[in-house]
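Residues: numbered from 1 along the sequence shown.
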Amino acid sequence: YLLLFVSALLRIEKAGEEPVAVVTGLPVNHYTPERAEQIEQLLARSHNVSAPSAQTTLKVEKVKVIPQPMGSFFDLLLDDSGRLRDPRGIRQRVGIIDIGVQTTDLALAAPQFMEPSSGSLDVGVRSVADQLARDINRKYSLNLDTTEAEEAMRSKSVKIFGERVDLSDIIAERTREVAERILSQA
């Protein structure tokens, strides 16, 4: 977790020049106030980073860990400047379906996070990619790893014996199946 965090920080413009505040998230089923505090304490400090091209210190002044779907909620409420889009929106109950790579988080915000009405499902984009890889193997005897299957999803095709094969129909079917699984548990 720490390595991913520092790698992401390195991508932030001027991260090594001035202290930064960071907001990050955990899947709903992994989120507890105690776990959030552990991560906040781990990340809120100076991180010395050595790379082949340079060495720098990244100063993290403050870290706030929230349930992942709350990021979607804040995006709904706030504009790009961080201002409230519509003051009435802050009082609305909002259902959030946050589809990630490995999990789908379901949350209710009213406007605070309502933990009893929230949860995680072990299904996400990777579920589609893994099934697509099995379909391609079965139909074309071609083994794709998860990364290759995700690329095939993005391009909606795969090269087989030098020819591009359209995967649009298979991807649409597998995506529909995963969407139905999510909706049946939402």
Side-chain angles (χ1 to χ4, degrees), residues 1-86 89-130 146-147 150-151 153-154 178-179 181-182 185-186:
Y1 195 86
L2 185 58
L3 181 59
L4 291 173
F5 175 76
V6 170
S7 297
L9 268 184
L10 284 171
R11 295 178 182 268
I12 297 172
E13 188 176 333
K14 299 182 181 179
E17 297 174 19
E18 48 193 70
V20 295
V22 175
V23 177
T24 189
L26 286 173
V28 171
N29 283 357
H30 295 228
Y31 181 86
T32 64
E34 297 80 20
R35 182 72 178 134
E37 186 176 329
Q38 286 176 337
I39 292 170
E40 289 166 1
Q41 289 175 1
L42 173 71
L43 302 180
R45 60 182 174 88
S46 292
H47 301 274
N48 294 318
V49 180
S50 296
S53 59
Q55 183 167 345
T56 188
T57 298
L58 304 171
K59 297 174 191 80
V60 181
E61 230 171 35
K62 181 164 177 47
V63 175
K64 180 68 178 168
V65 177
I66 62 174
Q68 282 177 344
M70 293 307 290
S72 299
F73 179 65
F74 293 128
D75 185 59
L76 174 70
L77 290 179
L78 306 174
D79 65 18
D80 291 341
S81 301
R83 292 186 197 92
L84 198 57
R85 292 181 197 269
D86 179 356
I90 196 79
R91 291 181 181 27
Q92 293 178 338
R93 292 170 55 101
V94 177
I96 304 158
I97 300 175
D98 183 4
I99 302 171
V101 174
Q102 296 185 73
T103 62
T104 296
D105 287 324
L106 308 170
L108 180 63
Q112 74 279 6
F113 173 63
M114 312 268 305
E115 191 172 346
S117 302
S118 303
S120 296
L121 307 174
D122 289 327
V123 61
V125 175
R126 185 163 290 151
S127 305
V128 178
D130 289 345
T146 301
T147 303
E150 288 172 353
E151 177 53 38
M153 284 175 56
R154 279 189 286 282
V178 168
R181 283 177 56 197
I182 291 168
Q185 298 177 50

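Of all heavy-atom pairs between Val28 and Pro69, the closest is CG2-CG, 3.5 Å. Nearest heavy atoms, Glu61 versus Pro19: OE2-CB, 3.6 Å. Considering every non-hydrogen atom in both Val94 and Phe73, the closest pair reads CG2-CE1, 3.8 Å. Closest approach of Ala36 to Tyr31, counting heavy atoms only: CB-CE1, 3.7 Å. Leu26 and His30 make their closest contact through CD1-O, 3.9 Å (heavy atoms, listed as atom of the first residue, atom of the second, distance). The two residues Asp122 and Ser127 make their nearest non-hydrogen contact at O-OG, 4.4 Å.
Counting non-hydrogen atoms of neighbouring residues, nucleotides and ligands closer than 6.0 angstrom, the CD1 atom of Ile97 reaches no more than 12 such neighbours. Applying the 6.0 Å contact sphere to CZ of Arg154 captures more than 12 heavy atoms from other residues, nucleotides or ligands.
Atom CD of Gln68 and atom CG of Asn29 lie 11.0 Å apart (nearest 0.5 Å). Rounded to the nearest 0.5 angstrom, Asp130 CG and Thr146 OG1 are separated by 4.5 Å. Arg83 CZ to Leu78 CG: the interatomic distance, rounded to the nearest 0.5 Å, is 11.0 Å. From Ile39, atom CD1 reaches atom OG1 of Thr24 across 7.5 Å, with rounding to the nearest 0.5 Å.
A donor-acceptor distance shorter than 3.5 angstrom exists from the side chain of Ser118 to the backbone of Leu108, with no hydrogens or angles considered. No donor-acceptor pair under 3.5 Å is formed between the side chain of Thr104 and the backbone N or O of Leu121. In this structure, Asp105 contributes its side chain and Asp98 its backbone to no donor-acceptor pair below 3.5 Å.
For Ser46, there are no side chain to side chain donor-acceptor pair (under 3.5 Å) partners, not counting sequence neighbours.
No side-chain donor-acceptor contact under 3.5 Å links Gln38 and Glu34.
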For the pair Val23 and Phe74, evaluate side chain to side chain contact (heavy atoms under 4.5 Å, CB included) and give the outcome as yes or no after the intermediate values. CA-CA 12 Å; Val23 177; Phe74 293 128; over 6 Å; no

- request: Check the pair Ile99 / Ile182 against side chain to side chain contact (heavy atoms under 4.5 Å, CB included), numbers first and verdict last.
  value: CA-CA 9 Å; Ile99 302 171; Ile182 291 168; 3.9 Å; yes

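The pair Glu150-Arg126 counts as a salt bridge, with a side-chain nitrogen and a carboxylate oxygen less than 4.0 angstrom apart.
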